[in-house]
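Order of the sequence lines sets the chain letters (A, B, ...), proteins ahead of strands, with each chain counted from 1.
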Number of protein chains: 2
Amino acid sequence: MKATIKDVASLASVSISTVSRVLNNPELVVPRKRQKVLEAIRELNYSPNALARGLIHKRTGTLGVLIPDISNLFYSAVLRGMEDAANRSDSNLIICNTDTSAARRNSILKVLYEKQIDGVIWTSEPLPSDSYEMFAKLDFPVVLAATHSLDYNLPSVKVDDEQAAYDATVYLIGRGHTRIGMISGPKNDPISGYPRIQGFLRALRDHHLKFDEAVCVEYGKYHFEDSYEAMKRLHGKYPEMTAVFASSDERALAAISYLHENQIRVPDDISVIGFDGTRMAGMSFPRLTTVAQPLYNIGYLAVDKLLKVINGDHIGELRTCVPHQIIERNSVIDCPQPI
Amino acid sequence: MKATIKDVASLASVSISTVSRVLNNPELVVPRKRQKVLEAIRELNYSPNALARGLIHKRTGTLGVLIPDISNLFYSAVLRGMEDAANRSDSNLIICNTDTSAARRNSILKVLYEKQIDGVIWTSEPLPSDSYEMFAKLDFPVVLAATHSLDYNLPSVKVDDEQAAYDATVYLIGRGHTRIGMISGPKNDPISGYPRIQGFLRALRDHHLKFDEAVCVEYGKYHFEDSYEAMKRLHGKYPEMTAVFASSDERALAAISYLHENQIRVPDDISVIGFDGTRMAGMSFPRLTTVAQPLYNIGYLAVDKLLKVINGDHIGELRTCVPHQIIERNSVIDCPQPI
DNA sequence: CTGAAAGCGCTTACAG
DNA sequence: CTGAAAGCGCTTACAG
């Protein structure tokens, strides 16, 4: 029912080698035969079987993407960039959720390995050593997106988190704020936690502001409600604060919700700056000022890099650092009561 | 370098048939040999090549998902449901953006066909007739998710859009509102446009409210800014309105932004109800009351259904209608000035 | 219970 | 320029 190369060959009365040639090296076939084959192909609506091809070429044109959880809104733009990059070279993406579970991770990797994918993109999380070893053992090309590895020499694409946090804080300071709080992710998170806290503190220090780390930074896990509670605690212990730096847009929206719901005006009483530059940052009230990561580009460049590794091309720098950028909207104003 | 079945066979000193049997029908092999083979497999870290298997079984365990644009936040939960359903039966998803472009659609379908995917999920948009014919010609199993087709007998999973819009409106009416506006998608959109407008109008009629369709409904395309402008126009021509039904959460957030930015309080002056039940509905201020679709389930059930079609199992009803549900949060209150 | 052989749908030296 | 043959890595009747 599905036409095969044999069907085409017999309809065109040539050998299957010839059919294969008109598909792959048409110049090797005399025009007359080439024409006949082309006609047969079109008549039978023939398309070569990529499995058979893949078996021979040891290349499938499909890439695996491991992300913690696709339902996190952070990924939509990143995935779009990945898709577009994959598409440019006729590759496809198999997207898998790891749920930050080792068991899940391993079973996914096994399936992807069996499906002979050409390589994988590992997203957001620090790469666990067992997965690294698996990649090495399976000889899987890997590129890290929105994360990197200091332990291993793996290509990566990400923003400079420490510097971005620093810049966000300096932006607040430049607006006259001196009592600034931070809603952070877990302290031990090596991407969205630790470096962003360090950047925040460095900015405070560089500008000679007095602060007590135990008072001005509060921790929350990754989701809204948790950050909402973190904001509550932060405000409880640091009521004189006039601005807060939230280390993700979702955390910023949670902070804004808490403040609004407690009759504290944003930005009139407290300014809020986010981090990420997701689409929803433009949909809040007030519209969120945020340090944007080039999400689409991170995805695009990561896949691009992976493709280069696969093709054996030169990848340029191993760890690509993409620029962040402060997007000014309405959630930050000049400090109303400068000291 | 990658171990093959031959390597395992020679290490275990059996034929490749035996290796294949311990993988697929272990009971056919005597325990002693089975053991030896298993050891060889583990020693060589062997995993069967899914391409070779797929070539024989005519089954790849990979499904195609066509969505208009993954960067739309609507899809994250839906995709998560799809993923989980696929996972349960060791299938994977190849997600592709169509950008509502016929050219793109066709090139994607061609690639997926060559990759021998087992079936496809078509999402959100009405299925164009050329794609339907392509599916038919290629003999592709298809399931429609968050959309359906009246023209063709295709399995689908979606909410009853007309009824959901009706219920949203009745909810507003039940809260005492009589002057209700609507921010709609394009009138000719057969999913998020037309039926939702019809549901809205039917509710108004059923409750004997006076209204002029030309005044109380305003149209916007799919994105935020466009809906923001729609809200502006709507408010301009219908200032006495006390509630608005927005036919997506993004439209609702846009409406809220417009109102807030023009010193109109939500919900005190105007109540707003959304549609979809995306995650961001819980992150706005005020938190958005919305008619939620079971997004995760739509994805899950659609893949489940596709798998059934592929396996030749009975799929139950062709067009599955999943229940919607009003999630009450803080963007709707009782009409402050009932007539 | 097990191995040799054919075959899934291709590509690519190798002859001619 | 073109065809027959071998081979990619498997599975599955078919004998024995």
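Base contact: S17(A) has a heavy atom under 4.0 Å from a base atom. Contact annotation for I16(A): base contact, defined as any heavy-atom pair under 4.0 Å involving a base atom.
Proximity note for R53(B) (side chain, C-beta onward) versus dC8(C), dT11(D), dG3(C): the nearest is dT11(D). Distances from the side chain of S20(B) to the nucleotides dT11(D), dT12(C), dC10(D) place dT11(D) closest. Side chain of R21(B), nearest nucleotide from dC10(D), dT11(C), dA13(D): dA13(D). With dT11(D), dG3(C), dC10(C) as the candidates, the nucleotide lying closest to the side chain of I56(B) is dT11(D). The I5(B) side chain lies nearest to dC10(D) when the options are dC8(D), dC8(C), dC10(D).
In this structure, the side chain of R104(A) engages the main chain of N97(A) through a donor-acceptor pair within 3.5 Å.
In this structure, NZ of K58(A) is placed 8 Å from C1' of dG9(D), rounded to the nearest angstrom. Separating the NE2 atom of H57(B) from the C1' atom of dG9(D) is a distance of 13 Å, rounded to the nearest angstrom. One can place CG of L55(A) at 18 Å from P of dA6(D), the figure rounded to the nearest angstrom.
Distances shorter than 4.0 Å separate none of the side-chain N or O atoms of K6(B) from OP1 or OP2 on dC10(D). Of the side-chain N and O atoms in K2(B), none sit less than 4.0 angstrom from OP1 or OP2 of dC8(D). Listed pair T18(A) / dG3(D) meets the phosphate criterion, a side-chain N or O lying under 4.0 Å from OP1 or OP2.
Just one of F140(A), Y152(A), W122(A) meets the ring pair (Phe, Tyr, Trp, His ring centres under 6.0 Å) condition when paired with Y132(A); it is Y152(A). For the pairing with E43(B), the side chain to side chain contact (heavy atoms under 4.5 Å, CB included) check across D7(B), L11(B), L38(B), V8(B) returns one residue only, L11(B).
Within residues 22-42 of chain A, the residues approaching DNA chain C are N24(A), by heavy-atom distance under 4.0 Å.
The two atoms that bring T278(B) and L73(B) nearest to each other are CG2-O, 4.4 Å, heavy atoms only. Minimum interatomic distance between L63(B) and S91(B) (heavy atoms only, all atoms of both residues): CD2-CB, 4.3 Å.
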Please walk me through it: do L295(A) and R80(A) pass side-chain contact (heavy atoms from CB on, under 4.5 Å)? CA-CA 9 Å; L295(A) 300 172; R80(A) 190 30 145 120; over 6 Å; no
N45(B) and K137(A): CA distance, side-chain angles, deciding distance, side-chain contact (heavy atoms from CB on, under 4.5 Å) verdict: CA-CA 9 Å; N45(B) 219 279; K137(A) 195 168 65 181; 3.2 Å; yes
So what does the secondary structure string of DNA chain C come out as, 5' to 3', with Watson-Crick or wobble pairs under 3.5 angstrom, [ ] for crossing and | for pairs with another strand? |||.||||||||.|||
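In the displayed structure, K2(A) atom NZ is contacted under 6.0 Å by more than 12 heavy atoms of other residues, nucleotides or ligands.
Between S13(B) and V19(A), the residue whose closest nucleotide on DNA chain C is further toward the 5' end is S13(B).
Residues D69(A) and Y75(A) bring no donor and acceptor atom of their side chains to less than 3.5 Å of each other.
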